[in-house]
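One structure is given here, and the rest of the page talks about it.
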Amino acid sequence: AAATRYEAESATISQGVVESNHTGFSGTGFVNYDNVVGSSVQWSVTAAAAGAATIVLRYANGTTTNRPMDIAVNGTVVAAATAFGSTTNWDTWQSKTITATLNAGTNTIRATATTANGGPNVDWLSVDAGTTPPTGPA
Ligand code: GCU
């Protein structure tokens, strides 16, 4: 199935700000996480059917230090301290992919910084909620 992109600047931000002072983002900006443990962005995403989904998070980390985040789906951490390593500079974005099980309908996906450096800058999250069943012969 096609992935749906959800911009970080349109999500629910706790301890972070929307900025646009680096290049290469999509939409109108990205989220600069506050440099604290617990800063987070939470997206509300939709899945047509329950099941495994591929979740991609687009981020930049211009430091040389990993900025791990816990990824929670519907309130449960499914990928603890996921690494968001250096992308060389703040204008260079990379994708981090995880897989998780979603419910049919609305789900929350939250990315929460686990170190005092906070999270990386985050541009967007995308969700590909699995494959579309083939259409049978008419
Ligand atoms: C710099 C950079 C920000 C980044 C911040 C950080 O200030 O310009 O985009 O968020 O470092 O270390 O988190």
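Atoms within each ligand, like the ligands themselves, are counted from 1 in listed order. The basis for the numbers below is simple: all heavy atoms, side chains too, and nothing from hydrogens, waters or symmetry mates. Worth saying up front: this structure is predicted, and the values here are computed from it rather than measured.
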Legend entry - Residue Asn121 vicinity, atoms of ligand 1 by number, heavy atom under 4.0 Å: 3 (C), 4 (C), 9 (O), 10 (O)
Inset, instruction - Provide the number and element of each atom of ligand 1 under 4.0 Å from a heavy atom of Asn35. - result: 6 (C), 12 (O), 13 (O)
Looking only at protein heavy atoms, which one is nearest to [atom], and what is the separation?
atom	result
atom 13 (O) of ligand 1	Arg67 NH1, 2.8 Å
atom 2 (C) of ligand 1	His22 NE2, 3.5 Å
atom 1 (C) of ligand 1	Trp90 NE1, 3.9 Å

Inset, instruction - Report yes or no: do Gln42 and Ser14 form a side-chain donor-acceptor pair below 3.5 Å? - result: no
Legend entry - Distance-only polar pair, side chains of Asn35 and Asn117, donor-acceptor under 3.5 Å: no
Inset, instruction - Output yes when a protein non-hydrogen atom is found under 4.0 Å of atom 7 (O) of ligand 1, and no otherwise. - result: no
Legend entry - Beyond-backbone contact of Asp128 with Val56, side-chain heavy atoms, under 4.5 angstrom: no
Legend entry - Heavy-atom closest contact (Trp93 atom, Gly24 atom, distance): NE1-C, 3.5 Å
Legend entry - Option from Gln15, Arg67, Met69 for which side-chain contact (heavy atoms from CB on, under 4.5 Å) with Tyr33 holds: Met69
